[in-house]
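Notes follow the structure.
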Amino acid sequence: MTHTLDTATIDAINAYDSEKRFQYCIKEVVTNREIWILKDEDGCVMLNTEEEDCVPVWPNKEFAQAWANGEWEECQPEAISLNKWHSRWTHGLEDDDLSIVVFPNADQEGVIVFPDEFDFELKKQAQKR
């Protein structure tokens, strides 16, 4: 169940540090039961650090859409259901030796985790509900 975020809320959340955005993302994903990625004709957007190749994920469409500019302007936000994430994406990312950058901001800063760690945090949050 997706709800639209207003500009003031988006601005406030964008001001969070990486760890606070990570916690927000986990809660939103579990509440809304979907994770947002950016895709183009070649597949999902990837970010690279010195050590790792990462798939960026966002908690809401608005944040993913905000990234669709510059070199990613051809990309479209796409929602992945939480069930599909658990059943296919976690293992697929692990098999491809990819990490996840959770809710990167405009400076490409976000918490980098392994797929199983992300899955664990999502399941832990779901148990709190």
Side-chain angles (χ1 to χ4, degrees):
M1 187 72 157
T2 303
H3 59 279
T4 303
L5 300 175
D6 61 54
T7 304
T9 303
I10 290 170
D11 290 344
I13 294 165
N14 276 328
Y16 291 175
D17 65 19
S18 294
E19 186 58 38
K20 195 167 179 182
R21 284 194 323 278
F22 177 84
Q23 295 302 326
Y24 172 83
C25 186
I26 295 295
K27 288 177 184 170
E28 279 291 287
V29 165
V30 170
T31 298
N32 297 328
R33 304 212 38 86
E34 62 188 11
I35 297 169
W36 289 87
I37 62 168
L38 278 179
K39 286 186 78 171
D40 63 13
E41 66 276 355
D42 298 320
C44 70
V45 166
M46 303 281 287
L47 297 178
N48 308 94
T49 67
E50 291 179 19
E51 293 94 32
E52 305 177 81
D53 292 330
C54 303
V55 173
V57 298
W58 293 272
N60 312 92
K61 181 179 183 177
E62 291 87 348
F63 296 112
Q65 184 68 56
W67 264 69
N69 60 55
E71 66 181 287
W72 295 296
E73 66 187 1
E74 301 297 318
C75 297
Q76 295 296 317
E78 181 174 306
I80 299 167
S81 74
L82 194 52
N83 289 341
K84 187 175 181 181
W85 185 271
H86 287 311
S87 67
R88 304 219 329 248
W89 277 76
T90 298
H91 299 297
L93 293 171
E94 287 177 324
D95 290 347
D96 291 340
D97 204 24
L98 297 171
S99 293
I100 298 166
V101 58
V102 180
F103 197 175
N105 63 11
D107 297 325
Q108 299 188 13
E109 296 169 345
V111 175
I112 297 173
V113 294
F114 293 114
D116 62 330
E117 293 172 309
F118 189 63
D119 212 47
F120 174 80
E121 292 296 330
L122 292 170
K123 289 177 179 172
K124 188 169 82 173
Q125 178 65 32
Q127 290 174 351
K128 293 180 184 177
R129 300 191 77 214

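FYI, the numbering just counts along the sequence from 1.
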query: So do the side chains of Val113 and Phe22 get within less than 4.5 Å of each other, counting heavy atoms only?
result: yes

- request: Step by step, work out the side chain to side chain contact (heavy atoms under 4.5 Å, CB included) result for Leu93 and Phe118.
  value: CA-CA 11 Å; Leu93 293 171; Phe118 189 63; over 6 Å; no

- prompt: So, do Asn83 and Arg33 sit near enough that their side-chain heavy atoms are less than 4.5 Å apart?
  reply: yes

- prompt: Does atom CG of Asp42 have more than 12 heavy-atom neighbours, drawn from other residues, nucleotides or ligands, at distances under 6.0 Å?
  reply: yes

message: Tell me whether Trp36 shares a hydrophobic cluster with Ile10, the cluster being built from Ile, Leu, Val, Met, Phe, Trp, Tyr side chains joined at under 4.5 Å.
response: yes

message: Please determine whether residues Phe114 and Ile37 belong to a single hydrophobic cluster, defined as Ile, Leu, Val, Met, Phe, Trp and Tyr linked transitively by side-chain heavy-atom distances below 4.5 Å.
response: no

task: Classify the side-chain pair Glu19/Gln23 by whether it contains a donor and acceptor separated by less than 3.5 Å.
output: yes

query: Where the side chain of Asn60 meets the backbone of Phe63, is there a donor-acceptor pair that is under 3.5 Å apart?
result: no

- prompt: Would you say Tyr16 has more than 12 foreign heavy atoms packed within less than 6.0 Å of its OH?
  reply: yes

Which atom pairs, donor and acceptor, lie under 3.5 Å between side-chain atoms of residues 44-59 and protein residues at least two apart or in another chain?
from, atom 1, to, atom 2, distance (Å)
Asn48, ND2, Asp53, OD1, 2.4
Thr49, OG1, Glu51, N, 3.2
Thr49, OG1, Glu52, N, 2.8
Thr49, OG1, Glu52, O, 3.2
Glu52, OE1, Ser99, OG, 2.6
Trp58, NE1, Pro104, O, 3.4

message: With rounding to the nearest 0.5 angstrom, report the NZ to CD distance, Lys61 to Gln76.
response: 8.0 Å

- prompt: Measuring from Glu62:CD to Leu5:CG, what's the distance to the nearest 0.5 Å?
  reply: 4.0 Å

Partners meeting side-chain contact (heavy atoms from CB on, under 4.5 Å) with Thr90 (sequence neighbours left out): Trp85, Glu94, Pro115, Asp119

task: Identify the heavy atoms of Arg21 and Gly110 that sit nearest to each other, and give their distance.
output: NH2-CA, 3.8 Å

message: Using only atom types and a distance under 3.5 Å, with no angle test, would you say the side chain of Asn32 pairs donor to acceptor with the backbone of Glu34?
response: no

- prompt: To the nearest 0.5 Å, what is the distance between CD1 (Ile80) and CH2 (Trp89)?
  reply: 4.0 Å

field: Validation row: His86, Leu122 side chains within 4.5 angstrom (heavy atoms)
entry: yes

- request: Decide whether Ile100 and Trp72 are clustered together by the hydrophobic rule: side chain heavy atoms of Ile, Leu, Val, Met, Phe, Trp, Tyr closer than 4.5 Å, transitively.
  value: yes

message: Keeping Asp40 on the side-chain end and Gly43 on the backbone end, is there a donor-acceptor pair under 3.5 Å?
response: yes

- request: Mind listing the closest non-hydrogen atom pair of Trp67 and Asn105 along with its distance?
  value: CZ2-O, 2.9 Å

query: Roughly how far, to the nearest 0.5 Å, is the CD1 atom of Ile35 from the NZ atom of Lys84?
result: 11.5 Å

- request: To the nearest 0.5 Å, tell me how far Cys25 SG sits from Gln125 CD.
  value: 11.0 Å

